[in-house]
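Residue numbering restarts at 1 for every chain, and letters A, B, ... go by the order of the sequence lines.
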Amino acid sequence: NAGVTQTPKFQVLKTGQSMTLQCAQDMNHEYMSWYRQDPGMGLRLIHYSVGAGITDQGEVPNGYNVSRSTTEDFPLRLLSAAPSQTSVYFCASSWGQSRAEAFFGQGTRLTVV
Amino acid sequence: DAKTTQPNSMESNEEEPVHLPCNHSTISGTDYIHWYRQLPSQGPEYVIHGLTSNVNNRMASLAIAEDRKSSTLILHRATLRDAAVYYCILRDMEYGNKLVFGAGTILRVKS
């Protein structure tokens with residue numbers, strides 16, 4: 001049981017480049033979300049999805065796009081990377097109920113130079 | 001989104017119990033109280049959750065005040081591996097069941 005898998009684990013981008021962070025879960029969870037965590041700070045919600053075909057914005061959505069074409073996958077796209085997007089990104093999944101436990105991936109450490 | 005308030009940091013001795021408080025005075029009747037922790041260089045991991053009654057699992061206990069405006073995460077015997085940031089979060093369907101993290105409490109465990 002793989003849980004939540006994020007790829008890549010590390011990435012260096014140049015300013016202006018685009019890339020996609022991948023997130024996949026094998027638990028058939030309805031709910032998936034993306035967070036960023038800057039040094040010494042808590043996690044901030046970027047985007048989330050309550051099911052295939054449904055996405056919504058979190059606290060810090062600017063500069064990021066998401067889509068949810070399947071239950072398993074929830075990729076996060078950086079359209080034009082900026083140094084301010086240097087961060088550690090975490091993906092999470094859970095069932096859709098308020099009582100549901102969330103599972104997190106191990107994170108992607110992104111540096112934009 | 002419902003908000004929680006936690007102390008910035010706490011310190012405990014190894015093998016002693018730890019009580020991590022959380023205030024959530026604006027909690028609604030359908031908000032679940034969740035606790036997660038984040039070990040250094042890792043993603044958050046689920047610890048425990050509850051609605052009204054106190055809860056126990058293999059990791060910890062959750063004590064919920066009768067008015068639900070506060071809760072306490074109890075680690076019965078702290079170990080060095082429990083040193084982490086602990087987050088108290090309210091999750092509610094009204095807000096799309098989002099998990100919105102605050103700053104959390106940094107728990108330091110002394111040997």
Honestly curious: do [X] and [Y] fall in one hydrophobic cluster under the side-chain, below-4.5 Å linking rule?
X: B:Val55; Y: B:Ile33; value: yes
X: A:Trp34; Y: B:Phe101; value: no
X: B:Tyr87; Y: A:Tyr31; value: yes
X: B:Ile48; Y: B:Met59; value: yes
X: B:Met10; Y: B:Leu73; value: yes

Practice item. Select one option (side chain, backbone, both, neither) describing which atoms of A:Gln6 are under 4.5 Å from chain B's heavy atoms. Key: neither
Exercise for review: Answer with side chain, backbone, both or neither: which region of A:Tyr35 has an atom nearer than 4.5 Å to a non-hydrogen atom of chain B?
Suggested key: side chain
**Study point:** Atom pair CD (A:Glu101) and OH (B:Tyr32), whose distance is rounded to the nearest 0.5 Å
**Key:** 14.0 Å
Is it true that atom [atom1] of [X] has more than 12 heavy atoms of other residues, nucleotides or ligands lying nearer than 6.0 Å?
X: B:Arg77; atom1: CZ; result: no
X: B:Arg68; atom1: CZ; result: yes
X: B:Asp67; atom1: CG; result: yes

Check your understanding: Is there side-chain contact between B:Leu99 and A:Tyr48, with at least one heavy-atom pair below 4.5 Å?
Key ->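 B:Leu99 does not reach A:Tyr48 side chain to side chain.
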Practice item. State, yes or no, whether a side-chain contact exists between B:Gln38 and A:Leu43 at a heavy-atom distance under 4.5 Å. Key: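 Yes, their side chains come closer than 4.5 Å.
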**Study point:** For chain A, which residues of residues 40-47 of chain B have heavy atoms nearer than 4.5 angstrom
**Key:**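 Counting heavy atoms that sit under 4.5 Å from chain A, the residues of residues 40-47 of chain B involved are B:Gln42, B:Gly43, B:Pro44, B:Tyr46.
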Study note, to complete from the structure: Nearest heavy-atom contact between B:Arg91 and A:Trp95 is NH2-O, 4.0 Å
Revision key, fill the gap. Chain B shares the most heavy-atom pairs under 4.5 Å, among A:Ala100, A:Ser94, A:Gly40, A:Ala92, with A:Ala100
